[in-house]
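Below: the structure, in structure tokens.
Labels below follow one simple rule: chain letters A, B, ... track the order of the sequence lines, proteins then strands, and each chain is numbered from 1.
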2 protein chains.
Amino acid sequence: MNLKDLSQHLGLSPTTVSRALNGYPEVNEATREKVMAAAKRHNYKPNTRAIRLATGRAMAVGHVIPIETRHEIVNPIFADFIAGAGETYARAGYDLILSIVPDGDEARAYREMKSRGNVDGVIVHSPRHDDFRIGLLHDIAMPFVVHGRATGAALPYAWVDVNNRRAFHRATDFLLDLGHRRIGLINGLEFMDFAIRRRAGFVQALTARGMTETPALMRAVEMTEANGYIAARDMLAQTPAPTAFLVSSMIMALGTRRAIEEHGLIMGRDISVIIHDDDLSYMQNGADVPIFTATRSSVRAAGRLAASMLLDTIANPTPTPATHLLEAELIIGQSTGPAPNRS
Amino acid sequence: MNLKDLSQHLGLSPTTVSRALNGYPEVNEATREKVMAAAKRHNYKPNTRAIRLATGRAMAVGHVIPIETRHEIVNPIFADFIAGAGETYARAGYDLILSIVPDGDEARAYREMKSRGNVDGVIVHSPRHDDFRIGLLHDIAMPFVVHGRATGAALPYAWVDVNNRRAFHRATDFLLDLGHRRIGLINGLEFMDFAIRRRAGFVQALTARGMTETPALMRAVEMTEANGYIAARDMLAQTPAPTAFLVSSMIMALGTRRAIEEHGLIMGRDISVIIHDDDLSYMQNGADVPIFTATRSSVRAAGRLAASMLLDTIANPTPTPATHLLEAELIIGQSTGPAPNRS
DNA sequence: TTGAAAGCGTTACCAA
DNA sequence: TTGGTAACGCTTTCAA
């Protein structure tokens, strides 16, 4: 059943039927109702391919996940975020195109998206510091919203981000309140924007209490289980050892836990650990709080927000990009106790 | 730059240019070369929207992730699998459309995809036992490949699956070889196909050694951290307690670990744990082996395989669906030791 | 308020 | 081997 069929059934022209269905004001209300009813009755769905060609819009948004091909780093697909964005797209009749792009030819990939015209805009994930994609997308006039921030970018751009700085400030405060004085920071590599912000929050919290950061208790490493292990192991070997850890990802925390156990300590009893991870799709909502404390944001809501910002931009391009900083939600597990009385 | 522009530049008809570019045999080689050169020079990319309408193909594949809306269960987005599939699509010029579908109106969603014509086929994720989607997709003539299996389905269908039964058989064997005699199975709910197969493998391994399964040491629960905790806690409270656990997901294993620690035991020293999880995108490849043993498959390769099966089916529909059973790769962590000498 | 016709950028059929 | 023309299913402009 296509538009022509439907209009013939109704004894109307395709034009009128199209207008009725798309809510144009100039159509007679009686006609509109007849058309709507018939459309529903015959289960008419407009053909997306035809709409796309006729309107010149792709009715699709690309989510671009860059993957690091040189090393074994595969960036996560931000499941919660994307699920949230998907809700928004579905409501607006847009498709979500997931694009896994090897970092070697990202520029080519974006340009091709543009010239092939199969997306109206993109969400940029995993921004790096001063990310080149911002300039590129500007150049090719591809609407976009960044999931995260890219400090150092010369041009303004729209973004949605979790307040990483504040999250780490609060997490650090929390540990300081418990009496911890030697807190180890296990952070991601600091070419990633969020890693810089997280460290800043950590340091600020210490400074605010008249303390200074100890370089020996700070690591910035590739976020892998092995590196989480090494970082924690090395810090635990110091005298005095840290009494708490602040870990910048779930993956690294697996390694951190291993080091702690190898050291003969029990996490949450002998040593406190706070983990921050934005992609907690593998943990459940609500009651499923792990043994340690986790700081997290409403990632799904962030996805919805970013998506509607992008759709807005596509509909009416504005010179001043919108930005949204979301506060992370702090979740306290049961077993993160006070600082142990160890020297 | 579109086809018309390009053909005018060349002094040829759009028809000929199209044929030259698409490798039709009837075009003069000299002409073809001229056309190719001009296309490259002018950086001509055919407009996807037009191709789609003209050919009637969507040049896109849908990956449908059902989400459980009644409970808080959000099915994972199989990052590795999808990344693998994405590679295949990219090579073939297809888009990957990620579709998050609330389980309430899945049928509607599939029918709409069909009538709107924005995908040529779909990958079905997270099949349930006797999944209704197989019949549905058959009815609406939508090509599909299932990621997993749906035992009990009346119709034949194409699938790619990990050999869950064998994986659990081998994992159980491994523990038995270490001397364990009381092994707790913490499994997912058995309306999910893989959960049934995993239990079968576990039971078969016991049976093969003349042992019988102990119902008190087997749980089938919703795969959450909390349930992993409860299951393990309850089993540990029994006398005699299990000396090992076989856990059916990473999420549940977090809870299992918590229960073990609360019980005053150290995982890998006092008690062995094997975790099986197909979606290990958050662990890195290679050396990053956690403290416990993990059984995993080459999920990315499975995604590539499923994708090319689907593209084949789309290109030339065959009555006999292809099926592929992949062996899981067994990864041994350092600390899973022999059975403790506890009664 | 409705309709006819052109157009979107390709492919595909039929002639030449 | 090449070209003209219709077709894909809608939207949009222009007339009525």
Side-chain angles (χ1 to χ4, degrees), chain A residues 1-36 38-39 42-60 93-95 112-120 315, chain B residues 1-36 38-39 42-60 93-95 112-120 315:
Chain A
M1 170 67 54
N2 60 23
L3 187 63
K4 199 171 151 199
D5 299 340
L6 184 62
S7 64
Q8 280 169 353
H9 266 279
L10 283 158
L12 288 167
S13 75
T15 313
T16 306
V17 176
S18 170
R19 280 196 278 241
L21 258 24
N22 291 305
Y24 281 65
E26 66 262 30
V27 48
N28 188 322
E29 266 315 313
T31 317
R32 187 193 305 281
E33 276 168 30
K34 250 188 306 199
V35 171
M36 296 287 241
H42 293 89
N43 193 33
Y44 166 73
K45 302 282 176 213
N47 183 303
T48 312
R49 295 191 292 264
I51 295 180
R52 293 197 228 254
L53 182 57
T55 60
R57 294 173 303 167
M59 298 301 287
Y94 274 70
D95 282 337
E112 202 165 305
M113 278 185 196
K114 181 68 186 182
S115 50
R116 305 194 92 98
N118 50 349
V119 297
D120 293 318
Chain B
M1 169 68 54
N2 59 24
L3 188 64
K4 201 172 150 197
D5 298 341
L6 184 62
S7 63
Q8 281 169 352
H9 266 279
L10 283 158
L12 289 167
S13 75
T15 312
T16 305
V17 176
S18 170
R19 280 197 277 242
L21 257 25
N22 290 305
Y24 281 64
E26 66 262 31
V27 49
N28 187 322
E29 268 315 313
T31 317
R32 188 193 303 281
E33 276 169 30
K34 251 189 305 201
V35 171
M36 297 286 240
H42 293 89
N43 192 34
Y44 166 73
K45 302 279 178 216
N47 183 303
T48 313
R49 296 191 292 264
I51 295 180
R52 292 198 227 254
L53 182 58
T55 59
R57 292 173 304 167
M59 298 303 287
Y94 274 70
D95 282 337
E112 203 167 306
M113 280 186 193
K114 181 66 185 184
S115 48
R116 305 192 92 98
N118 51 348
V119 298
D120 292 318

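- The distance between atom CZ of B:Arg49 and atom P of D:dT11, rounded to the nearest whole Å, is 14 Å.
- Whole-Å rounding puts the B:Asn28 CG to D:dG3 C1' distance at 15 Å.
- In this structure, B:Tyr44 and B:Leu21 have side chains that are in contact, with non-hydrogen atoms separated by less than 4.5 Å.
- Each end of the helix from C:dT1-D:dA16 to C:dA16-D:dT1 gets its own axis, taken as the rotation carrying the C1' atoms of four end pairs onto the next four within a five-pair window, and the two axes meet at 40° to the nearest 10 degrees.
- Distance, A:Arg57 CZ to D:dG9 P: 19 Å, rounded to whole Å.
- Per the geometry, CG belonging to B:Leu12 stands 14 Å off P belonging to D:dT1, to the nearest Å.
- Nucleotides of DNA chain C that come within less than 4.0 Å of any heavy atom of chain A span, from the 5' end to the 3' end, C:dT1 to C:dG9.
- At D:dT2, none of the side-chain N or O atoms of B:Thr16 fall inside 4.0 Å of OP1 or OP2 (strictly under the cut-off).
- Between A:Lys45 and B:Ser115, the closest heavy-atom pair is CG-OG, 3.2 Å.
- Position along DNA chain D of the nearest nucleotide to B:Glu29 versus B:Leu53 favours B:Glu29 as the more 5'-ward residue.
- A salt bridge links B:Arg52 with B:Asp95; the closest basic N to acidic carboxylate O contact falls under 4.0 Å.
- For the pair B:Asn47/A:Arg116, no side-chain contact is recorded, criterion being any heavy-atom separation below 4.5 Å from C-beta on.
- Atom P of nucleotide D:dT11 and atom CE of A:Met59 are separated by 10 Å, given to the nearest angstrom.
- Considering only side-chain atoms of A:Ser18, the nucleotide from D:dT1, D:dG4, D:dT12 that sits closest is D:dT12.
- Between A:Asn118 and B:Arg49 there is no side-chain heavy-atom pair separated by less than 4.5 Å.
- Of all the heavy atoms in B:Ser7 and B:Ser13, the pair that sits closest is CB-C, 3.8 Å.
- Counting heavy atoms from C-beta on, the side chains of A:Tyr94 and A:Asp120 come closer than 4.5 Å.
- At whole-Å resolution of the value, NZ in B:Lys4 and P in D:dT5 are 13 Å apart.
- Taking all atoms of both residues into account, the shortest heavy-atom contact from B:Leu6 to B:His42 is CD1-ND1, 4.1 Å.
- Contact annotation for A:Thr15: base contact, defined as any heavy-atom pair under 4.0 Å involving a base atom.
- Nearest nucleotide to the side chain of B:Ala54, out of D:dC14, D:dG9, D:dC8: D:dC8.
- Enclosure of atom NZ in A:Lys114 by more than 12 non-hydrogen atoms of other residues, nucleotides or ligands within 6.0 angstrom is indicated.
- Distance B:Arg19 CZ to D:dT5 C1': 12 Å, rounded to the nearest Å.
- The side chain of B:Val27 lies closest to D:dT2 when the candidates are D:dT2, D:dG4, D:dC14.
- Within the structure, every side-chain polar atom (N or O) of B:Tyr24 is placed at least 4.0 Å from both OP1 and OP2 of D:dT1.
- Listed for the B:Arg57 side chain is no donor-acceptor partner under 3.5 Å among the backbone atoms of B:Ile51.
- Between B:Thr31 and D:dT2, a side-chain N or O to OP1/OP2 separation shorter than 4.0 Å is present.
- Straight-line distance from the CG atom of A:Asp5 to the C1' atom of D:dC10: 13 Å, rounded to whole Å.
- Across the interface with DNA chain D, nearest-nucleotide mapping of B:Pro14 and A:Asn47 shows B:Pro14 to be the residue nearer the 5′ end.
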